[in-house]
Protein chains: 2
Amino acid sequence: MPRIVGQIDQAKSQAILDAAAEVLGTGGLSAPMDEIARRAGVSKQTIYNHYGSKAELIRAIVDRRVEEIAAPLLAPGAQDHPQEALAGFGRVMLELVLRPLGRSMLKMTVQAADDMPDLARAFYEAGPRTSRRRLADFLRQETLAGRLAVDDPDQAADFFAGMVIGVRQIAGLLGVEQAAEPEVIERVAQEAARRFMRAYGID
Amino acid sequence: MPRIVGQIDQAKSQAILDAAAEVLGTGGLSAPMDEIARRAGVSKQTIYNHYGSKAELIRAIVDRRVEEIAAPLLAPGAQDHPQEALAGFGRVMLELVLRPLGRSMLKMTVQAADDMPDLARAFYEAGPRTSRRRLADFLRQETLAGRLAVDDPDQAADFFAGMVIGVRQIAGLLGVEQAAEPEVIERVAQEAARRFMRAYGID
DNA sequence: AATGAGCTGGACTATTGAGTCCATTTTTCG
DNA sequence: CGAAAAATGGACTCAATAGTCCAGCTCATT
């Protein structure tokens, strides 16, 4: 989202955004603008031409990702058995949390939270809040259909999301390395869905 | 843990540590040393006499708390019914996460993670890791006693901790305000324990 | 070819904050 | 009491970094 709309090179805007996400995500928000410029293969002035300040650059990074975050969280297609749908939810959430992109985005937002509370809130709404809401809607619907017996869908959604994400999110923030292999993701999502069914099944 | 051991005033050491925890916890790690000095009612030079640098001061804050964190996570006394013990675990974990002290400690550690990975790791071990381990031990033991049917205690412990903590930890880091009333804590802990029993009960 | 918008690179300013210095005062303790 | 240790406070140095400036360069369009 360049500030000046003339012959500005859109490809450069992207390159800057990518480089900034990379640099700020790994090195922290205090990483210098010069390094971003170097990484993007662009002069510092150009960054300031495209985005007006470091804060706006950070905002642009998060804004771009925020749109992508909510996308995969669409309610999964109604399956025969809700357990499959739950596992699908779990898989998507775990991937969001474990992938480097989701990680660095969260780290950035947490670091920025003190100075840019609105940004932190927007991220919270788009990520954690939206995922819980969609999940709660699904649980409500399945309960109405008689396939689950969930009395408090919001709480249950929080429980399930917590089971799946577990300690992984905070470990990522603390830089404690963790496996993100697809098999692990699949296993955790499946098992969480299975246990959730026992906890909230109709039997 | 003053660096120079002469006639140094221990009370001042504490005052500095308290002020630093307060200032750095609320304002972020970039809060200036001058403000800490002001808040502690002490000259800046005195801080440097007691702790050699800002990094060491941060370390001292975290080290002090790390010892306190693990303390309440002692295995609860064996109850008649494991559900009560689980609820107790949940209550303690939630309190750690929701109290301002635990919050600011986590925030500080996350912010410092880039520059002081060893500190982040120590915090991770003392907090999240220890709590899961103790919980897993408890589950193992209850399974041996025939009161639970947990096949993978580590995973189950992670599930339970995740249910209880849920979205609250990340919300705290993002500065999205949340209730920490005792009734809420109690209700969540009880319900999580109840659902966990259904998911992992012997029946 | 000429134009002009955007880009480069590197020097420059201004600010902020860690850590030091030091002359003076206060506290501790033999 | 008197000396040594510690604390004060305020000025100081030094490094890092956001953001600006500018002279010369690139390149698409006409």
Side-chain angles (χ1 to χ4, degrees), chain A residues 1-62 108 111-116 119, chain B residues 1-62 107-108 111-112 114-116 119:
Chain A
M1 203 171 285
R3 315 193 64 207
I4 301 167
V5 282
Q7 304 177 5
I8 276 196
D9 191 339
Q10 297 297 328
K12 271 197 210 308
S13 278
Q14 279 305 313
I16 293 170
L17 222 51
D18 290 340
E22 167 76 20
V23 170
L24 297 177
T26 58
L29 285 191
S30 59
M33 292 293 269
D34 295 83
E35 195 186 328
I36 297 172
R38 204 165 41 72
R39 180 66 140 269
V42 137
S43 82
K44 195 163 53 152
Q45 183 60 58
T46 299
I47 297 182
Y48 282 94
N49 285 346
H50 284 240
Y51 309 91
S53 66
K54 191 174 189 176
E56 286 179 71
L57 177 58
I58 292 167
R59 218 171 270 282
I61 296 170
V62 175
M108 280 181 49
Q111 285 184 355
D114 285 329
D115 297 328
M116 309 163 79
L119 187 73
Chain B
M1 205 173 281
R3 316 195 61 208
I4 302 167
V5 282
Q7 303 178 5
I8 276 196
D9 192 338
Q10 297 297 327
K12 271 197 209 311
S13 277
Q14 278 305 314
I16 293 170
L17 222 49
D18 290 340
E22 166 77 19
V23 170
L24 297 177
T26 57
L29 285 193
S30 59
M33 292 293 268
D34 296 82
E35 194 185 328
I36 296 173
R38 205 165 40 70
R39 181 66 140 268
V42 137
S43 82
K44 194 165 52 154
Q45 183 60 58
T46 299
I47 298 182
Y48 283 93
N49 285 344
H50 285 240
Y51 309 90
S53 67
K54 192 174 189 176
E56 285 180 70
L57 177 58
I58 292 168
R59 219 170 270 282
I61 296 170
V62 176
K107 210 171 86 176
M108 281 181 50
Q111 284 184 354
D114 285 329
D115 297 326
M116 309 161 80
L119 188 72

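Note that the structure is a prediction, hence the values are computed from the model and not measured. Chain A is the first sequence line, chain B the second, and so forth, proteins listed ahead of strands; every chain is numbered from 1.
Rounded to whole Å, atom P of dT17(D) lies 16 Å from atom CG of L57(A). In this structure, I47(A) atom CD1 and dT17(D) atom C1' are separated by 13 Å, rounded to whole Å. Atom C1' of nucleotide dA16(D) and atom CD of E35(A) are separated by 13 Å, given to the nearest angstrom. Distance, E56(B) CD to dA18(C) P: 15 Å, rounded to whole Å. Atoms NZ (K12(B)) and C1' (dT8(D)) sit 10 Å apart, rounded to a whole Å. One interatomic measurement links the two molecules: CD1 of I36(A) to P of dG19(D), which rounds to 11 Å at whole-angstrom precision. In this structure, CG of D115(A) is placed 13 Å from P of dT16(C), rounded to the nearest angstrom. Taking atom CG of N49(A) as the reference point, atom C1' of dT20(D) lies 11 Å away to the nearest angstrom.
Look at H50(B) and you won't find any side-chain N or O under 4.0 angstrom from OP1 or OP2 of dA6(D). OP1 and OP2 of dA6(D) both lie 4.0 Å or more from every side-chain N or O belonging to T46(B).
Counting only distance, with no hydrogens or angles, the side chain of K107(B) and the backbone of G28(B) share no donor-acceptor pair below 3.5 Å. No donor-acceptor pair closer than 3.5 Å links the side chain of Y51(B) to the backbone N or O of I58(B).
I36(A) CD1 to L24(A) CG: the interatomic distance, rounded to the nearest 0.5 Å, is 4.0 Å. In this structure, L29(B) CG and S30(A) OG are separated by 10.5 Å, a value rounded to the nearest 0.5 Å. Atom-to-atom distance recorded for I61(B):CD1 and R59(B):CZ is 12.0 Å, nearest 0.5 angstrom. Interatomic distance, M33(A) CE to Q45(A) CD, rounded to the nearest 0.5 Å: 10.5 Å.
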Might you list the N or O atoms of the protein lying below 3.5 Å from N or O atoms in nucleotides 19-21 of chain C, with each pair's distance?
| residue | atom | partner | partner atom | Å |
| --- | --- | --- | --- | --- |
| dG19(C) | OP2 | Y48(B) | OH | 3.2 |
| dG19(C) | OP2 | K54(B) | N | 2.9 |
| dG19(C) | N7 | K44(B) | NZ | 2.9 |
| dG19(C) | O6 | K44(B) | NZ | 2.7 |
| dC21(C) | N4 | Q45(B) | OE1 | 2.9 |

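Between R38(A) and D34(A), the closest side-chain pair of non-hydrogen atoms is not below 4.5 Å.
The side chain of P32(A) lies closest to dA18(D) when the candidates are dA18(D), dT8(D), dC7(C).
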